[in-house]
Amino acid sequence: MPYTTHEIQRIESKWQSFWQKQKTFQVEADPAKKKFYCLEMFPYPSGRIHMGHVRNYTIADVVARFKMMQGYNVLHPIGYYAFGQPAENAAIKNNTDPGEWTYRCIEQMHNDFIKMGFSYDWDREIATCDEQYYKWNQWIFIQMFKKGLAYKKASPVNWCPSCETTLANEEVIDNKCWRCKNEVDQKNLEQWYLKITEYSEQLLKDLETLKNWPSRVCAMQENWIGKSYGVEMCFKEAKTGEVIPVFTTRPDTIFGATYVVLAPEHPLVARLVADTPKETEVFAFIEKTKNLSRFLRMSADQSKEGIFTGAYAVNPVNGEEIPIWVADYVLMEYGTGAIMAVPTHDQRDFLFAREHSLPMRIVIQDPQQPELAVEQMTEAFIGQGKLVDSGKFNGVHSEEAKQKIAQWMEGQGTGQMTVHWRLRDWLISRQRYWGTPIPMVYCQTCGVVPVSEQQLPVVLPKNIKITGEGGSPLARCQEFIDTPCPQCGAQARRETDTMATFFDSSWYYLRYGDAKNSECIFDVEKIQYWMPVDQYIGGIEHAILHLLYSRFFTKFLRDLGLLTVDEPFDRLLTQGMVLKDGDVMSKSRGNVVDPGSVIDRYGADTLRLFILFAAPPEDQLEWNDGAIDGAWKFLARVYNAARKSCRSVSSAVDPVSFDDEDQGLYREIHATVKKVTNDFSLDLKFNTAISQVMILMNRLEKFDASGSEQKQSLLNQAIETVVLLLSPIAPHLCEELWGDMGFSPSVMRASWPSYDEQALIQQTVLIVVQVNGKVRAKVEVAVDASEEELRKVILANAKISGYIGGKEIRKFIVVPNRLISIVV
RNA sequence: GCUGGAGUGGCGGAAUUGGUAUACGCGCUGGUCUCAAAAACCAGUGUCCUUACGGGCGCGUGGGUUCGACUCCCACCUCCAGCACCA
């Protein structure tokens, strides 16, 4: 058969049904076997797969298949991140049920995955919208509630007035609702939160143990958690003596504090201005900032507005009375909601002070401009230097002064060293339908009560009308709302909010290990066997939220005694995006290449090979219609070579009787096995692994095997090696060729080839000769030749002696088996 | 601004305990085959000078270390990504 689209389609469907029937990729936990857990981030079921999925899942598939051939018991599951807003939107738009829509998409994706030849254990396929899955969301929530980690509080949230729902920060784009494009408000609402901050310290510290994560992901998480060391200082209101705690990371600048600023929401503000002439004015200002959106207030380039309260605060280190202002650049959520302002050494304070003509005082001398006066400053000096105008700390270097002043204040009882975090608790309430119902009940006598665990799941009711008019659909479903109190049995009311879908994805990797368990969330021993995930692969867009939440859940479940690992994911690879004409593929740009049409024309193997060969997995990948022809052509050559040489000759080869040709091919076989094995094991550099297999192919195609039976055997060995090494990348074709060559299926059961270091040793080596740093000649010499011998050979070389030209040789440097550098 | 990363042919990209820059592939040029085309195969392909032999210059820019630098050091430029009034 010639290598045609038709032949490829025959081969691919043949092996896809073989794998299905044989359940080739089904696994069980077995402590007698060494395990490998290979995981990709599960997809949102949106319909057909796109190139991003193809890339992500092909990378994972190669890792999984490679590890299988290396003899590992490989867990390689897939599932669907099936709750969420897109399904609800589609339901509104098409007037269908979100569940129906979702399951239709899942079916399409499932079929696409089969067509790609992915090696999933289909018995573990999960969907988060399945009640057997989200039941355990509810169970986890209740465990958190019992430990005080799930709690309800009122706080300002993004609120879309037209959709009547809260929005996550990431759902607010340019201060507009991502769905209806209306302006978003701030609203104070009672919502459910998860106390992720309980784990701040561990989440930060354990980043250090994640040696096999990309450094930028760790850096992003570190920034997000945002630990800062500082001092909480007690300023006092001058008249009443009421304490105003202020947080600073720069206690060394305290002598330069010339005013204090409170956030507009600060509870003290109202008391300070009550019954004073400033009252009306200050309240007007607070009203004004309230109406400003969080988005506008938080943008750094916004001009800083503020107003004097008429009150004064006493600086604890020098007794100085300084004015108390209210300003929008101080945020209630961070620190204590109050700051001491040091305009000379903080840029924001500097701008604000200039704007409002507030006093300034230099307390740290800029070593570059020691004579600098306040009037000449054009910006704050935020660097380090010696303290001036700072009482008994004059002359102390600022870095040292941070410690000394903090300690001194602690001794005086006016300050305390503390730590502040940027990380906030996680708001998980959503006023939406297509999600996990939060399993809580409100009872008039018992208060807020969790649903009893025996009654889980709280099933999401079907046939709910989703109009898109706003508000929670469940809140309009009386049969759902009415329920007896789990504690006293009296008539009570269910929570109608659902969980943010990031909850669902924070632990799905645990469910795969025991996907069908109906008794408990998972069997502890099974999960102990499979965890941690050895290789996790997904997009960089999840660098913070999903990966941080998963780390949090892992630590929580560990503390419940269900897990023995501290971290869920050992190695992490963030794959790059697939571009076309320099842009990310997207429907709106109209530059989408549909994987289905590529598979129809070239087959899945060609697509897989191309996508791995075009770029290293972490880099962006530019789609190239021409280069996919190259991938096709290469597989055609493998096919033809295997068909041609797979005769029944297979006597052993004996390197002693090799001629130079044989020796060269033999060495290339072993060099290729070594290179591919290393590239697959360590950095997942599939592009260079493939190029090395191409080099071996180029060589074996030139090899003339007609001379002897041994030559034919050697050639067979070469082509067998190519088939084995390519089988994780182009599995359908390699299964077919493996069978054609007389081996029994599946090639996945064959063992990964090993290489012999002895075979890589060469008799002679090509040495480069440099004269005065320039390459002038290449000389073939025996391996490990002595300097003496080399000198003799090289100086006898006419070309070299021409460059030396009788001049004195000042240096003769030998790099063994590589190069000689002569200086004259 | 802060954090992380990247700059190599016409293109995607190789190469770092410092040792032949451009592996492998795409594209392009010429050839074989063919009535012709496609496919396939063979040869060539950084750039400048030279008919050729050969030589000069070349890994973002400028310096430095070294017999030797894509690789190490210093300074800078550009681009990408994330965070950003966080006190």
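Lettering of chains follows the sequences in order, A, B, ..., and the numbering in each one begins at 1. Hydrogens, waters and symmetry mates play no part in the numbers below; they use all other heavy atoms, side chains included.
For the pair Asn223(A) CG and G82(B) P, the interatomic distance rounds to 13 Å; values are reported in whole Å. Between the CG atom of Leu423(A) and the P atom of A84(B) there is a distance of 13 Å, given to the nearest Å. Computed from coordinates, the Ile540(A) CD1 to G4(B) P distance equals 14 Å when rounded to whole Å. Rounding to whole angstrom units, CZ of residue Phe613(A) and P of A14(B) are separated by 10 Å. Distance Leu351(A) CG to G1(B) P: 15 Å, rounded to the nearest Å. As rounded to whole Å, 11 Å separates atom P of A87(B) from atom CZ of Arg250(A). Rounded to whole Å, atom C1' of A84(B) lies 16 Å from atom CD of Glu222(A). Counting to the nearest Å, the P atom of G1(B) and the OH atom of Tyr329(A) are 21 Å from each other.
Separation of the P atoms belonging to G27(B) and A21(B) is 28 Å when rounded to the nearest angstrom. Separation of the P atoms belonging to C26(B) and U16(B) is 24 Å when rounded to the nearest angstrom. For the C1' atoms, the distance linking G18(B) with C73(B) amounts to 13 Å, nearest Å. Rounded to whole Å, the separation between the P atoms of A75(B) and C80(B) comes to 24 Å. Nucleotides U22(B) and A15(B), compared at atom P, are 13 Å apart to the nearest Å. A43(B) and C48(B) have their P atoms separated by 25 Å, with the value rounded to a whole Å. When the C1' atom is compared between U61(B) and C77(B), the two are found 6 Å apart, to the nearest whole Å. Straight-line distance between the C1' atoms of C2(B) and C57(B): roughly 40 Å, to the nearest whole Å.
For the OP1/OP2 pair of C86(B) and a distance below 4.0 Å, the side-chain nitrogens and oxygens of Arg424(A) include no atom meeting the criterion. Here Thr688(A) does not reach the OP1 or OP2 of G13(B): none of its side-chain N or O atoms lies under 4.0 Å away. OP1 or OP2 of C41(B) has not a single side-chain nitrogen or oxygen of Lys633(A) nearer than 4.0 Å.
Gln620(A) comes within 4.0 angstrom of sugar-phosphate atoms only, judged by non-hydrogen atoms across all strands, and of no base. Among the heavy atoms of the strands lying under 4.0 Å from Pro616(A) are primed sugar atoms or P, OP1, OP2 only; no base atom is included. When heavy atoms are screened at a 4.0 angstrom cut-off, Gly630(A) is found touching the sugar-phosphate backbone but no base atom. Counting any heavy atom pair closer than 4.0 Å across all strands shown, Arg818(A) reaches sugar-phosphate atoms only and no base atom. Backbone-only engagement by Asn687(A) is indicated by non-hydrogen atom pairs under 4.0 Å involving sugar-phosphate atoms exclusively. When heavy atoms are screened at a 4.0 angstrom cut-off, Asp349(A) is found touching no nucleic acid atom at all. When heavy atoms are screened at a 4.0 angstrom cut-off, Ile695(A) is found touching the sugar-phosphate backbone but no base atom. At a threshold of 4.0 angstrom between heavy atoms, the contacts of Val815(A) include nucleobase atoms, whether or not backbone atoms are also involved. Among the atoms of the strands shown, none is found under 4.0 Å from any heavy atom of Lys227(A).
Here Phe613(A) and Phe686(A) keep their ring centres 6.0 angstrom or further from each other. Annotation: Trp426(A) is not in aromatic contact with Phe502(A) [ring centroid separation under 6.0 Å not met]. You'll find the ring centres of Phe610(A) and Trp632(A) outside the 6.0 Å limit.
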TODO: Any chance you could lay out the side-chain contact (heavy atoms from CB on, under 4.5 Å) test for Ile286(A) and Val269(A), step after step, and finish with the verdict?
DONE: CA-CA 10 Å; Ile286(A) 293 172; Val269(A) 177; 3.6 Å; yes
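Between the side chains of Glu668(A) and Gln692(A), at least one donor-acceptor pair of N or O atoms lies under 3.5 Å. Residues Tyr639(A) and Glu7(A) bring a donor and an acceptor atom of their side chains to less than 3.5 Å of each other. Asp328(A) and Thr289(A) share no side-chain donor-acceptor pair at under 3.5 Å.
U71(B) is unpaired under the Watson-Crick or G-U wobble criterion, no partner having all donor-acceptor distances under 3.5 Å. Under the Watson-Crick or G-U wobble criterion, with both distances below 3.5 Å, C59(B) is left unpaired in every strand shown. Nucleotide G27(B) forms a Watson-Crick or G-U wobble pair with U45(B), both donor-acceptor distances falling under 3.5 Å. Pairing for A39(B) is absent, with no Watson-Crick or G-U wobble pair whose two atom distances lie under 3.5 Å.
Interatomic distance, CZ of Arg55(A) versus CG of Leu607(A), reported as 12.0 Å (0.5 Å rounding).
G54(B) shows a glycosidic angle more than 90° from 0 and is accordingly assigned anti.
Checked by distance alone, Gln770(A) brings a side-chain donor or acceptor within 3.5 Å of a matching partner on the base of G19(B).
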